[in-house]
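Read the structure below first, then the notes.
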Amino acid sequence: QCEEAAYEERWYPAGKWACVTMGEPMYEQSTSMSFMKLMRYICKENSVGCYLGMTVPVLNEIHLTKEGTELEREVLTAYYLPGEFQQNPPVPMHPEIHITERAPLRVITRVFYGMTTEETILREISLLWELLGPTDTVLRETYIVASYENPSIPQRRNEIWFICRA
């Protein structure tokens, strides 16, 4: 009998990402507006003028306030460039989109389903801390919410990522 693991550790190689940072009043507004800008880039508003192809997950990097009780307003949303564009990424037409090379990343991750709101994210962070117990191996101020499906899917698959220290 197999039980689903409470969390897992993963390693991601370095790579190029198209990123947008927004600081709207609500997390959902920031991620929605950022993703729409990235979608236009993916679909045609780029220097090669063609559809780049969708990759998953789409990452939303978040930061907690000093008290750790709420999210900072600024959210960075990132789309991984498909393999054929890693060496020479198409230039975004929108000035708020920038291409970033991210270093290799080791994360502790846990799956959750449904909508991603500030409330659900804070709950997932708290649950994963509970499972991990006291540790200094992961960052405490920066987290990543990884989304694997379209936001319109009611029970979409998401993950909370804790970033491991180098």
Side-chain angles (χ1 to χ4, degrees), residues 10 12-65 68-128 139 141-163:
R10 275 195 224 129
Y12 290 92
K16 292 193 175 90
W17 297 73
C19 304
V20 178
T21 301
M22 300 292 288
E24 296 302 312
M26 290 174 61
Y27 170 84
E28 302 91 312
Q29 293 170 308
S30 291
T31 57
S32 175
M33 289 172 74
S34 291
F35 186 71
M36 292 316 296
K37 288 176 187 189
L38 289 171
M39 239 7 251
R40 288 193 291 276
Y41 168 69
I42 294 164
C43 287
K44 208 172 187 163
E45 290 181 17
N46 56 63
S47 58
V48 292
C50 69
Y51 176 67
L52 305 180
M54 194 61 215
T55 61
V56 291
V58 171
L59 304 183
N60 293 297
E61 187 175 296
I62 57 170
H63 302 274
L64 293 186
T65 55
T69 54
E70 48 187 42
L71 304 182
E72 294 276 356
R73 290 299 121 225
E74 286 211 333
V75 178
L76 178 134
T77 300
Y79 152 78
Y80 184 78
L81 288 154
E84 64 266 32
F85 300 112
Q86 280 292 314
Q87 290 305 313
N88 192 15
V91 177
M93 298 303 184
H94 198 292
E96 289 179 36
I97 298 173
H98 58 279
I99 306 299
T100 303
E101 170 108 28
R102 293 187 83 133
L105 190 63
R106 220 168 36 97
V107 297
I108 306 267
T109 176
R110 176 177 156 79
V111 174
F112 68 100
Y113 295 91
M115 300 300 292
T116 52
T117 62
E118 182 165 349
E119 185 184 347
T120 60
I121 292 164
L122 290 170
R123 184 175 60 239
E124 291 303 322
I125 288 171
S126 177
L127 280 169
L128 189 46
L139 302 180
E141 52 285 332
T142 304
Y143 301 90
I144 293 174
V145 178
S147 297
Y148 288 84
E149 295 165 310
N150 185 313
S152 65
I153 295 172
Q155 283 302 306
R156 76 174 177 168
R157 177 178 174 229
N158 307 290
E159 293 174 342
I160 190 72
W161 290 5
F162 284 20
I163 303 165

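Residues take their numbers from the sequence shown, with the count starting at 1.
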For Lys44, give me all partners under side-chain contact (heavy atoms from CB on, under 4.5 Å), at least two apart in sequence or on another chain.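 Applying side-chain contact (heavy atoms from CB on, under 4.5 Å) to Lys44 gives none.
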Counting N and O atoms only, with roles assigned by atom type, does the side chain of Ser126 sit under 3.5 Å from a partner on the main chain of Leu122, one being a donor and the other an acceptor?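 Pair absent, no side-chain N/O of Ser126 close to backbone of Leu122.
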Looking at Leu38, Asn46, Ile99, which hits side chain to side chain contact (heavy atoms under 4.5 Å, CB included) with Pro92?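 When side chain to side chain contact (heavy atoms under 4.5 Å, CB included) is applied between Pro92 and each of Leu38, Asn46, Ile99, only Ile99 qualifies.
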Out of Ile108, Leu128, Ile144, which residue meets the side chain to side chain contact (heavy atoms under 4.5 Å, CB included) rule with Trp161?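 The side chain to side chain contact (heavy atoms under 4.5 Å, CB included) with Trp161 is passed solely by Ile144 among Ile108, Leu128, Ile144.
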Is the number of heavy atoms from other residues, nucleotides or ligands under 6.0 Å of [X] [atom1] greater than 12?
X	atom1	value
Glu118	CD	yes
Met115	CE	no
Glu101	CD	yes
Met39	CE	yes

Let me confirm one number: the [atom1]-[atom2] distance from [X] to [Y], rounded to the nearest 0.5 Å.
X	Y	atom1	atom2	answer
Lys37	Ile97	NZ	CD1	8.0 Å
Thr142	Leu64	OG1	CG	8.5 Å
Leu71	Met26	CG	CE	11.0 Å
Tyr113	Glu149	OH	CD	8.0 Å
Thr120	Phe112	OG1	CZ	5.0 Å
Glu28	Thr117	CD	OG1	5.5 Å

Any side-chain heavy atom of Ile163 within less than 4.5 Å of one from Leu105?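 Yes, side chains in contact.
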Do you know the tightest heavy-atom contact between [X] and [Y]?
X	Y	answer
Pro90	Tyr41	O-OH, 2.7 Å
Lys16	Pro89	CD-CG, 3.4 Å
Arg102	Leu76	NH1-CD2, 4.0 Å
Arg73	Pro25	NH1-O, 3.0 Å

side-chain contact (heavy atoms from CB on, under 4.5 Å) for Val75 and Thr21? Distances and angles first, verdict last. CA-CA 6 Å; Val75 178; Thr21 301; over 6 Å; no
Ignoring hydrogens and geometry beyond distance, is a side-chain donor-acceptor pair present between Tyr148 and Glu159 at under 3.5 Å?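 Per modelled atom types, Tyr148 and Glu159 side chains form a pair under 3.5 Å.
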Whether the Ser147 and Arg157 side chains hold a donor-acceptor pair (N or O, under 3.5 Å, no angle test) is what I'd like checked.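 There is no such pair (donor and acceptor under 3.5 Å, judged by atom type) between the side chains of Ser147 and Arg157.
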Apply side-chain contact (heavy atoms from CB on, under 4.5 Å) to Glu119 and Ile121, showing your working. CA-CA 6 Å; Glu119 185 184 347; Ile121 292 164; over 6 Å; no
Can Thr77 and Asn60 be said to form a side chain to side chain donor-acceptor pair (under 3.5 Å), step by step? CA-CA 4 Å; Thr77 300; Asn60 293 297; 2.7 Å; yes
Apply side-chain contact (heavy atoms from CB on, under 4.5 Å) to residues Ile125 and Ile160 and explain how you reach the verdict. CA-CA 7 Å; Ile125 288 171; Ile160 190 72; 3.7 Å; yes
Provide the full list of ring-ring contact (aromatic ring centres under 6.0 Å, His included) pairs with a residue in residues 71-95, sequence neighbours left out, each pair given once.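 For residues 71-95: Trp17-Tyr80.
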Let me see the working for Thr116 and Arg156 under side-chain contact (heavy atoms from CB on, under 4.5 Å), right down to the final yes or no. CA-CA 9 Å; Thr116 52; Arg156 76 174 177 168; 2.9 Å; yes
